[in-house]
Amino acid sequence: MGSAGDSWEQLSALERRTSRTLTLQQPASSELEQACETSEVLTSATSDSNENFQVAIRVRPPLLRELEGYQPFQNTALVDTRQTILTVSENLHAIQNGGSAADAGLAYATYRFTFDRVYSPDSDQAEVYEHSAKRTVLSTLQGYNAAIIAYGQTGTGKTYTMEGAQHGPERGIIPRAVEDVFAYIENDTAPGSKYLVRASYLQIYNEVISDLLKPERQNLTIKEDRKRGVFVDGLSEWVVRSPQEVYGLIERGAMQRATGTTKLNELSSRSHAVFIIIVEKSTVPSEDPNANGEEMEQFRGVAPGMGRMGGGPQGGEATHCVKVGKLNLVDLAGSERVHITGATGKRLEESKKINQSLSALGNVIAALTDARGARAHIPYRDSKLTRILEDSLGGNCKTTMMATVSPALEAFPETVSTLKFAHRAKAVRNAAHVNEDGDSRTLLRKYEAELRKLRAELQLRQREVVDKRHLLAVEEQKRRAEADKLAAITALEQRSREFMREKEEKRRLEARIANMQSQLLIGGNKLEDTPVFRTLLAREQRRMRDQYEERLRELERERLTAEQDKAQVDRYKALLVKQRDIMIALTGRLNERDEQLLRLQEELEAYDSHQKRLEDALDSRTAELIALRKAAVEHAAASPIKSAPLQSALGAWASGPSPLGRGMSGGLPVGGPKSVDSNGNGAALLSTTSSEFSDCSLQERPVSNSPALALETEVTALREQSLTHVKERVALKAILDDKVRALISDIGVSLSELPFEVRQHPMLLRQLLALDKLVGATVKALSASV
Ligand SMILES: Nc1ncnc2c1ncn2[C@@H]1O[C@H](COP(=O)(O)OP(=O)(O)OP(=O)(O)O)[C@@H](O)[C@H]1O
């Protein structure tokens, strides 16, 4: 970091560079006139108008300290009548007196510059504002970025020009700009236009950016984005609705601004201050059907008297056009020569920083106006000041640079330096364009959206309030109705009590009357002793007796009917009980029959299996018998010894034709005992066969001890057993048939005994049907199994 002297050297070097570029050299030996001509020629070469970057010079009046200094005051600045040319000379007196260059002397420096506007010490604040600020300020309302930058040596009137007094004719550019902005909005009668104004105030002190409206926000950083351009992150923005609100902010910020007393200025600004006004303007095309006055009124709530609004509650956001203009009002700290100001310590540090940043500003201007063509690199980032003013210098901005100078001879070098700097700045070209915001990020859009939301909420609340009121009214009605009801009940009770009292009273009176009547005497007799009374009484007694008797008869009839009904009911009950008992008995008997049937069935099965075993045994014995007989016959035929008894025993088998030849197999009919038909006819067949066997057994009797005979005997016994079984089965079947028939008949009888109405009872009918089915199935099963 260099010293303040170094910084000043840098500035001087910049001046030298600027001088070279302009070839505005101090006249060497030529006449002053010649120098002036040279100057004029050179200035005219760069005087082409640049709408977006205007440079104006203000020469302030001499201050008291200059007028009353150790040397007599000597004016060095001369403004031409057209207020565009400024001549500064160390010997202006000579020129003013029509002297020649020779008169002025070569030792005196003289410069002539052309600017967009030059203000003499006679120019007041209003004039400066009207010609050099107003247009720039109003361009903000059209959506342009704009900047008014006050530049100059310390104590030359930068703060005076920018701020001036808050009221009265000495108001500076800032208060006038604020007034103009609000006046313009007030007068904007275009339907659908609405505005939002907000303000910020910052300072750069010792290369630290701080928020003058929120002093706790220090050391803020600079950022940049496509939409907002360069901006200070975290800087507070205050929505303002009137010039007074802005003045309040300026006052607050001014109290925070770093100032100090220097040799050249009792209240010197030791920081660069930037007051920022952002104006958002929303316009709605007149044909927008959503346009109405309501929105305007709503918006007036935020910024009273801020123009005509449009856009319905739905906002017609798609058709809204929002322009955002930003106005930077910059009051730079003044450059100073340390050896003149005599700064030390803190002041010296401040001076160094101020000069450094101003030097950076000079470098940016030099880079922007380099005669060799636009330089690729513009050193905006060399200081906070140039970074913040990036848009204003060579960017998207309409800028007015207001350079202030002192007319005093003692400030001549600084004046020349300032003028050269300002002259160089005239070559800066800005490309300003309207900032239109198509998206919803502008504060105005956000406010509109918020307003719509709040309005909807308000409507809802109002509705709720109405609903609640209605509810309260209903509840009040209900409460009143209940009170009325209570009152009516109380009145009714009261009436009832009164009625009861009256009734009691009446009864009492009647009793008294009766009592009194009973005590009345007619013709010296008591009333009840009179014949008329007795006749009437007897008639009345008769009538009453007749009535009672009739009533008694009626009661008797009713009693009889009731008894009959009861008897009927009892009968039904008895019938039902009987029916229930019958059903129980039937069920019991059925169960018994079931068990019997099961037992019989089991017996039958046992007989069957036993019979089958017997038949098998019979078959095997018969086969054995046949085999034995056959062997005996063969043996007898083959034996040389003919045994008569044997022949006799073999009988027809040995001599006659074979029993097999008569269609018999082994002497037994095919099928044997199995040929019993289902009708029991097999018994006859069996007995026939048995008699044949009987014949055989008679022939075999002589050889009773032979195995064949024994077998025959056994077969005969088996046949008899089998026959017995068949008979038993037939008998069993007959028993079963009888029992089933008896059961069916029992059920039939039981049913027929039931009274007709019981038989017709639906439940009984259902049970009977079920029973019938059960019996039928049982009979069928029995028949099949038997
Ligand atoms: N045009 C003017 N008419 C009358 N008085 C002026 C004018 N310009 C400046 N002054 C006075 O000059 C003095 C210094 O002015 P000012 O403080 O505005 O200078 P500055 O450039 O802001 O100084 P610094 O850079 O030190 O802050 C003040 O007293 C101010 O009132």
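Order of listing sets the numbers, starting from 1, for every ligand and every atom in it.
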Short N or O distance, L332 and ligand 1, threshold 3.5 Å exclusive: no
Could you tell me whether L63 approaches ligand 1 through its side chain, its backbone, both or neither, with non-hydrogen atoms closer than 4.0 Å? side chain
Under 3.5 Å, is there a donor-acceptor pair linking the side chains of N435 and N396? yes
If you measure only the distance, is there a donor-acceptor pair under 3.5 Å linking the side chains of E170 and Y160? yes
Closer than 4.0 Å to some heavy atom of T159 - which atoms of ligand 1 meet that? 18 (O), 20 (P), 22 (O), 27 (O)
Within a distance under 4.0 Å of any heavy atom of G334, pick out the atoms of ligand 1 and give their elements. 25 (O)
Return yes if a side-chain donor-acceptor contact under 3.5 Å exists between S357 and E207, otherwise no. no
Could an N or O of ligand 1 be found under 3.5 Å from any N or O of Y160, whether backbone or side chain? yes
Answer yes or no for G155: is there a heavy-atom contact with ligand 1 below 4.0 Å? yes
Run the contact test for T404 against ligand 1 with a 4.0 Å cut-off on heavy atoms, strictly below, and give the result. no
Would you tell me whether Y129 and D180 have side-chain atoms, one donor and one acceptor, within less than 3.5 Å of each other? yes
Pair K223 + D233: basic N to acidic O under 4.0 Å: yes
Partners meeting side chain to side chain donor-acceptor pair (under 3.5 Å) with T404 (sequence neighbours left out): T156
Please list, in number order, the atoms of ligand 1 under 4.0 Å from a heavy atom of K158. 18 (O), 19 (O), 20 (P), 21 (O), 22 (O), 23 (O), 24 (P), 25 (O)
Close-contact set for ligand 1 against R60 heavy atoms, below 4.0 Å: 7 (C), 8 (N), 9 (C)
Matching residue for E51 among R429, K398, R135 - test: side chain to side chain donor-acceptor pair (under 3.5 Å): R135
With nothing but distance in play, are any N or O atoms of T154 less than 3.5 Å from an N or O of ligand 1? yes
Any atoms of ligand 1 less than 4.0 Å from a non-hydrogen atom of R58? List them with their elements. 1 (N)
Quick test of your reading of the model: are R381 and E390 salt-bridged, counting only N-O distances below 4.0 Å? no
